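To start, the structure itself, in structure tokens.
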Protein chains: 4
Amino acid sequence: MTTKALYLLKQKLKETAAQRDQLGGTAFHERQLIRDSGLLRLSLPREFSGDAQKWPVIFHTVREIASVDSSLAHILGFQYLILATINLFGTPAQSAYFFAETGQDNLFWGNALNPLDTRTSVTRVDGHLLINGHKSFCSGARDSDRLLISALNEEGRLLVAAIPSSRKGISIHDDWDNIGQRQTDSGSVEFNQVVLFEDEILSSPGPLGSTFASLRPLIAQLSFCNIYLGIALGALKEAVVFTKTQGRPWFNSGVQEIAKDPYILRRYGELSAEISAAIALTDNAALNLQAAWEQGDNLTPEERGQCALDIAAAKVITTKTGLQVSSQIFDVMGARATTASLRLDRYWRNVRVHTLHDPVDYKLRDLGDWVLNQHLPTPTFYS
Amino acid sequence: MTTKALYLLKQKLKETAAQRDQLGGTAFHERQLIRDSGLLRLSLPREFSGDAQKWPVIFHTVREIASVDSSLAHILGFQYLILATINLFGTPAQSAYFFAETGQDNLFWGNALNPLDTRTSVTRVDGHLLINGHKSFCSGARDSDRLLISALNEEGRLLVAAIPSSRKGISIHDDWDNIGQRQTDSGSVEFNQVVLFEDEILSSPGPLGSTFASLRPLIAQLSFCNIYLGIALGALKEAVVFTKTQGRPWFNSGVQEIAKDPYILRRYGELSAEISAAIALTDNAALNLQAAWEQGDNLTPEERGQCALDIAAAKVITTKTGLQVSSQIFDVMGARATTASLRLDRYWRNVRVHTLHDPVDYKLRDLGDWVLNQHLPTPTFYS
Amino acid sequence: MTTKALYLLKQKLKETAAQRDQLGGTAFHERQLIRDSGLLRLSLPREFSGDAQKWPVIFHTVREIASVDSSLAHILGFQYLILATINLFGTPAQSAYFFAETGQDNLFWGNALNPLDTRTSVTRVDGHLLINGHKSFCSGARDSDRLLISALNEEGRLLVAAIPSSRKGISIHDDWDNIGQRQTDSGSVEFNQVVLFEDEILSSPGPLGSTFASLRPLIAQLSFCNIYLGIALGALKEAVVFTKTQGRPWFNSGVQEIAKDPYILRRYGELSAEISAAIALTDNAALNLQAAWEQGDNLTPEERGQCALDIAAAKVITTKTGLQVSSQIFDVMGARATTASLRLDRYWRNVRVHTLHDPVDYKLRDLGDWVLNQHLPTPTFYS
Amino acid sequence: MTTKALYLLKQKLKETAAQRDQLGGTAFHERQLIRDSGLLRLSLPREFSGDAQKWPVIFHTVREIASVDSSLAHILGFQYLILATINLFGTPAQSAYFFAETGQDNLFWGNALNPLDTRTSVTRVDGHLLINGHKSFCSGARDSDRLLISALNEEGRLLVAAIPSSRKGISIHDDWDNIGQRQTDSGSVEFNQVVLFEDEILSSPGPLGSTFASLRPLIAQLSFCNIYLGIALGALKEAVVFTKTQGRPWFNSGVQEIAKDPYILRRYGELSAEISAAIALTDNAALNLQAAWEQGDNLTPEERGQCALDIAAAKVITTKTGLQVSSQIFDVMGARATTASLRLDRYWRNVRVHTLHDPVDYKLRDLGDWVLNQHLPTPTFYS
């Protein structure tokens with residue numbers, strides 16, 4: 001994946017982003033553009049035809065895509081998260097297998113792992129494992145080649161497994177219609193007597209089964225931070241273009257050009273400073289995550305905990321920044337920027353929807369519990 | 001207009017508000033509900049079949065309507081503003097004439113007064129006055145019975161006049177399609193050789209032609225403040241219902257019900273305290289405006305200036321509060337409140353669009369110029 | 001108390017406020033000025049030589065004094081609170097007795113009621129009641145004529161009583177030395193075998209013994225709000241004078257006078273708008289408190305609860321405003337305003353210290369519990 | 001300078017910091033501790049007995065010292081700034097000379113360079129250059145060995161020169177008495193017929209005489225950012241200790257220990273997240289400054305400009321963070337933390353005074369002018 005290829009992909013996504021925000025649904029064409037770009041293999045090791053990029057590059061790519069289309073950035077972020085999950089929860093053989101087919105067939109992974117939704121179960125019937133039930137918030141499941149799923153087994157333990165999206169009994173519904181992140185396909189998936197093979201279950205060490213495995217939620221969270229940053233950056237960029245090409249000075253501002261209005265300049269300065277701080281913090285967290293990742297099974301709970309704290313701080317700050325920038329861009333563009341044809345509200349809608357994934361107040365509590373009590377965050381699927 | 005009638009109107013508007021936000025366009029049916037409610041006559045003197053209500057009641061009514069439908073509240077606010085404008089810019093005879101027909105025929109007024117848009121002119125041709133040109137941001141013009149228009153005469157002076165919406169040569173376009181305030185019909189009006197009669201021109205004292213006449217922009221601004229407050233109140237109310245009926249406690253919050261989550265409670269407290277302050281300030285400004293209004297031609301520039309400052313402060317605070325509340329309600333409702341079917345983002349979209357009417361930074365400058373330099377705001381169409 | 005007398009008192013207090021902030025300790029001379037001003041009788045009924053002023057005027061007076069000296073305003077606020085407490089917790093005969101001597105002898109009351117400090121007890125020895133123990137945070141106790149005290153009796157019940165400050169066994173220590181509110185004398189009082197007479201005990205209905213009696217904490221809290229407002233107003237006033245007389249435009253601001261700097265104007269505007277909202281909210285709460293007060297024993301828990309919510313909101317907003325204004329005045333004055341001789345940091349220090357009286361987070365929780373759950377605040381000594 | 005030595009120096013400074021904040025004046029003893037620590041040579045090249053540390057380490061050291069004593073950190077920051085100024089404004093020979101004597105004699109430099117104060121002049125009398133006039137805000141001038149001074153020559157051009165502090169005619173007044181940064185000795189210096197030698201003048205390229213030379217104000221600004229960060233970190237650290245050792249849960253918080261109060265935890269989390277973002281941004285800026293520094297005369301205006309923008313953003317964010325943290329620590333400590341003996345208000349007073357050095361609004365304008373107009377900041381003594 002060259003810088004130029006990423007640039008061209010961004011251009012193409014940007015051209016239709018406003019229109020597709022209106023349409024919602026599955027972005028089949030754009031998903032194909034992503035397939036064609038090679039980005040699906042960005043994180044894969046070289047032996048599996050991958051680019052072997054490290055986390056800072058991976059997250060930066062997610063952020064870049066998010067600056068033009070945060071729905072597809074979310075889906076792409078899940079591609080990397082799911083591949084990492086296979087690494088973290090499964091055996092080396094499983095990684096080798098799934099990475100090989102992903103690299104070879106350029107597979108797109110979708111998500112059906114959602115630990116808070118406990119309506120899916122795995123039961124053993126006549127020696128076969130069968131999956132039944134529903135899952136909500138299954139981002140990127142439609143038009144996917146493989147799914148990462150979660151379900152409770154007969155002992156009530158959480159299983160995570162990787163299966164083909166086309167397996168018999170799986171129905172991926174086109175029922176995501178929300179106010180933002182409209183092309184993430186985060187709808188529901190239904191499982192009806194779906195066969196599950198033992199070697200598809202990632203159980204060694206399994207979900208959060210080791211300190212290393214507990215990096216999984218941190219990767220998810222940091223991917224989200226980069227999406228919020230991308231949204232903020234994209235919004236600011238659109239605002240600059242609009243102000244410069246269509247903005248007008250206020251009638252009694254005393255300046256001839258809006259670009260010299262002291263209040264417009266100050267507001268741009270504020271947004272820019274906030275974004276800069278959020279970027280620095282988030283990039284730092286990516287470096288720390290990479291270092292933790294490279295520790296593998298040597299990763300200590302303390303190292304993992306510090307990494308979690310860095311990412312929690314990034315979550316807090318990027319959430320705040322994303323919401324602030326996407327709302328305040330209108331103050332520097334003015335009323336005419338609200339025409340529906342531009343759909344410039346989508347930046348706010350996107351970041352508003354996504355930042356509700358898990359409550360930021362509990363990230364603040366985690367941070368406070370460290371500062372005050374030196375308690376590291378307990379690994380869960382959200383921290 | 002009884003409290004109960006207002007309550008019933010609100011209920012009806014609320015039922016379809018989300019759906020109509022999606023549709024945009026002209027709310028013919030709901031405009032008729034307003035006509036039928038008697039609200040169009042709320043501010044008219046009793047001799048013209050009016051309710052003779054004072055500004056505090058009028059603005060409170062606008063706010064109440066805004067809590068369920070801020071588009072129609074905006075149009076209704078313009079009804080009162082336009083009737084006041086006739087009073088402020090015209091002769092007693094003109095008031096008597098226009099008020100009488102408004103009271104008798106239950107007329108709905110639309111706006112085509114926009115001083116920053118100078119593309120409309122009045123010229124004298126063969127002894128007749130003819131209006132030609134375009135106007136943008138003409139709120140409530142569609143489906144209106146009368147229009148208040150502005151145009152430049154041959155000397156470049158601003159004329160304001162009241163004419164029938166159905167007059168030959170007037171085209172009211174259905175071209176308002178914005179991200180918020182979607183049923184305000186704030187589109188464009190085209191004038192093509194439209195005849196204007198002398199006695200339709202409000203020229204005594206004319207636009208901002210006296211201290212009393214310069215109350216006009218203050219009435220407009222205070223109407224806006226009440227719309228922002230209404231949006232905040234409506235948003236908070238929806239949030240409470242959603243949290244209580246559909247909210248779930250966060251999995252590691254340690255509480256069994258979301259209604260006991262300390263962070264949820266604190267956030268509701270913050271939103272509520274901000275709204276309370278904004279209400280107190282705005283209601284105060286309405287009392288002061290009423291007092292200024294009652295001064296009539298005895299109103300001094302100092303009294304008018306103090307009133308302008310009160311309303312500028314209310315504008316600043318209600319803008320901030322409206323934006324904050326409509327965005328943060330999601331933090332107390334959670335991700336499921338983002339389903340498109342509820343369209344709960346409309347509160348933010350509505351207040352975001354409307355608060356761009358004129359830049360709040362220049363209201364802050366006005367306030368500062370008073371505090372520091374004891375300069376009262378210069379009357380313009382925006383302050 | 002005429003407006004002019006209040007003005008003159010303020011002038012005198014202002015002249016030495018900075019110097020006395022440095023000294024700390026007891027403001028004997030200024031307490032005497034307050035005695036001489038007649039302000040100690042402001043709230044007393046006319047039959048006791050009082051001015052019979054209502055709560056809005058009383059709180060406004062506290063605010064005015066706080067704008068020049070928030071320590072003395074605090075002590076004066078306690079005078080009114082203590083007199084009200086006698087009314088609320090005691091019998092009509094007790095009110096008559098204590099009000100009469102207060103009116104006649106111009107008595108200054110000090111506070112030794114502190115329910116969270118349980119180190120003081122009342123025991124019966126040989127038929128006499130004896131007070132023993134310590135109290136902290138006893139505002140205005142030094143140089144006082146009478147004290148309102150709290151203590152636990154042998155059953156662990158809270159007693160409140162009114163006694164002469166000079167009674168044998170009472171030691172009022174000069175041990176208040178804090179970073180703000182330095183002349184509130186909020187030090188400790190020691191009781192050593194102090195005799196207490198039955199008719200000094202306010203036990204009918206006693207502490208928070210009725211809905212009406214539970215107005216006591218609300219009066220205290222609203223007095224505090226007015227102190228924070230006074231601090232904000234005083235700080236802003238000093239800033240204006242400083243900017244105008246000593247401020248200089250920034251070298252590359254492009255303006256010749258600091259009074260025209262767009263950013264200085266905007267900042268003044270922001271501070272002013274926040275203060276205006278806080279004033280409106282607080283004045284509203286005072287009207288509601290007066291209405292509740294006039295209900296007397298007819299006051300319902302619902303009415304009391306609404307009043308508590310109004311005051312909680314005022315507490316939240318005035319706390320925020322006081323802290324913001326007292327810190328940000330420096331941004332409009334510049335570095336030279338930090339000279340120690342002016343001691344302009346005292347506004348922040350004063351409001352910072354006082355706003356810690358009870359945590360604002362729990363006021364937010366109370367407000368949220370109302371909005372979300374329709375639970376009115378439970379009456380305690382703090383809400 | 002080892003980590004341990006820095007730790008020990010911090011411990012010693014911390015022990016007396018509160019007391020010395022009260023005293024103000026010159027910290028002779030502590031200045032000697034700094035001399036003894038070796039820190040004066042931290043930035044000097046190895047050939048001059050220096051530690052040859054790079055900017056990230058230098059600024060980190062300033063920050064560490066600021067966490068316990070921001071006055072001395074300011075003076076130490078000036079040591080590094082002045083040595084860099086000699087490098088930037090003078091000839092290699094001048095650097096060699098002044099660095100050699102600094103390294104050999106462990107010299108402490110004080111500041112008398114203040115371009116906005118134009119009361120000092122250099123005139124040529126009988127072939128000698130003589131300095132006359134006054135300078136204000138001369139940080140660290142007292143007890144210094146050398147001074148960096150600025151003055152206007154007969155053509156009105158700014159001269160910068162390095163002279164011994166003990167030279168005849170120099171009077172360094174003990175007249176700094178401000179509300180914060182009380183031991184920075186930022187008082188006035190008087191020059192009375194002070195001889196100036198040609199080779200003491202740094203005129204090649206002279207003040208901001210080249211792109212490289214214009215790094216000087218950036219070094220100053222970044223030093224300030226690190227002081228604000230140090231103050232925030234020091235304040236937070238004190239707060240944690242206080243909360244844990246002396247904090248008490250609020251009576252109706254429902255928790256037994258303050259360390260479990262959800263609101264206390266959330267507040268600590270907020271302060272911590274803000275600090276983390278500010279650190280990341282500031283550390284990033286230091287890396288960029290180091291890279292710019294290493295460019296030397298190859299530094300392009302674009303590179304310099306980007307560096308200026310990074311530092312402006314850091315200034316904005318650290319200012320906000322420093323003020324916020326130093327004020328809000330009290331909310332997590334409670335009223336008893338306001339005892340004067342602890343002088344915990346000094347964190348706020350210190351950061352409040354220092355952040356007025358130059359107005360942050362103009363940094364925001366600079367940032368906005370870049371984002372919107374792609375104008376890099378014009379090099380001045382402040383940007």
Side-chain angles (χ1 to χ4, degrees), chain B residues 236-237 239-244 247 257-285 287-288 309-321 332 360-375, chain C residues 236-237 239-244 247 257-285 287-288 309-321 332 360-375:
Chain B
L236 190 71
K237 202 166 182 177
V240 166
V241 172
F242 190 94
T243 302
K244 287 170 76 165
E257 300 165 55
I258 190 170
K260 292 186 177 168
D261 183 303
Y263 300 129
I264 297 288
L265 290 174
R266 190 187 189 283
R267 282 184 180 268
Y268 269 113
E270 276 192 330
L271 299 181
S272 161
E274 296 292 334
I275 289 177
S276 295
I279 287 177
L281 184 64
T282 305
D283 283 350
N284 232 33
L287 291 172
N288 296 347
L309 292 168
D310 290 336
I311 292 170
K315 182 79 178 296
V316 167
I317 298 295
T318 54
T319 295
K320 197 183 65 167
T321 302
V332 286
V360 80
D361 285 331
Y362 285 93
K363 290 281 173 292
L364 288 169
R365 186 181 70 173
D366 280 357
L367 288 169
D369 208 19
W370 167 251
V371 172
L372 187 59
N373 301 317
Q374 284 71 57
H375 292 159
Chain C
L236 190 71
K237 201 167 185 179
V240 166
V241 172
F242 190 94
T243 302
K244 287 172 76 166
E257 299 165 56
I258 191 170
K260 292 185 176 167
D261 184 301
Y263 299 128
I264 297 288
L265 291 173
R266 191 187 189 284
R267 282 184 181 268
Y268 269 113
E270 276 193 330
L271 300 181
S272 161
E274 296 291 335
I275 289 176
S276 295
I279 287 177
L281 184 65
T282 305
D283 283 351
N284 233 32
L287 291 173
N288 296 347
L309 292 167
D310 291 335
I311 292 170
K315 182 80 179 293
V316 167
I317 299 295
T318 55
T319 294
K320 197 184 67 167
T321 302
V332 286
V360 81
D361 284 332
Y362 285 92
K363 291 280 175 291
L364 289 168
R365 187 181 70 173
D366 279 357
L367 288 168
D369 207 20
W370 168 250
V371 172
L372 187 59
N373 300 317
Q374 284 71 57
H375 293 160

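As the structure is a computational prediction, the values presented were derived from the model and not from experiment. All values below were derived from every heavy atom in this structure, side-chain atoms included, with hydrogens, water molecules and symmetry-related copies excluded. Below, chains carry the letters A, B, ... as their sequence lines are ordered, and counting in each starts from 1.
Interface remark: of the candidates K260(B), K244(B), R267(B), K244(B) forms the most heavy-atom pairs closer than 4.5 Å to chain C. Of the listed residues (L236(B), I279(B), L364(B), V371(B)), the one with the most heavy-atom contacts under 4.5 Å to chain C is L364(B). With chain B as the partner, the residue from A273(C), A278(C), S276(C) showing the most heavy-atom pairs under 4.5 Å is A273(C). No other option in L281(B), I258(B), L367(B) has as many heavy-atom pairs under 4.5 Å with chain C as L281(B).
Put simply, OG on S272(C) and CG on D366(B) are 11.0 Å apart, with the number rounded to the nearest 0.5 Å. Summarising the geometry, atom CG belonging to D261(C) is positioned 10.0 Å from atom CG belonging to L372(B); distances are rounded to the nearest 0.5 Å. How far OH of Y362(C) is from CZ of R266(B): 10.5 Å, rounded to the nearest 0.5 Å. With values rounded to the nearest 0.5 angstrom, L265(B) atom CG is found 12.0 Å from D361(C) atom CG.
If you measure heavy-atom distances from I317(B) to chain C, the contacts under 4.5 Å come from the side chain alone. For A259(B), the parts lying near chain C are the backbone and the side chain together; criterion is any non-hydrogen pair under 4.5 Å. Of the two parts of V240(C), the backbone and the side chain both hold a non-hydrogen atom closer than 4.5 Å to a non-hydrogen atom of chain B. Residue E257(C) does not touch chain B at all, counting heavy-atom pairs closer than 4.5 Å. Neither the backbone nor the side chain of K363(B) has a heavy atom closer than 4.5 Å to any heavy atom of chain C. In this structure, chain C has a heavy atom under 4.5 Å from the side chain of I264(B), while its backbone stays farther away. For N284(C), the part lying under 4.5 angstrom from a heavy atom of chain B is the side chain only. Contact of K237(C) with chain B is not made at all, since no heavy-atom distance falls under 4.5 Å.
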| task | Kindly indicate, with the supporting measurements, whether the criterion side-chain contact (heavy atoms from CB on, under 4.5 Å) is fulfilled by E270(C) and K320(B). | result | CA-CA 11 Å; E270(C) 276 193 330; K320(B) 197 183 65 167; over 6 Å; no

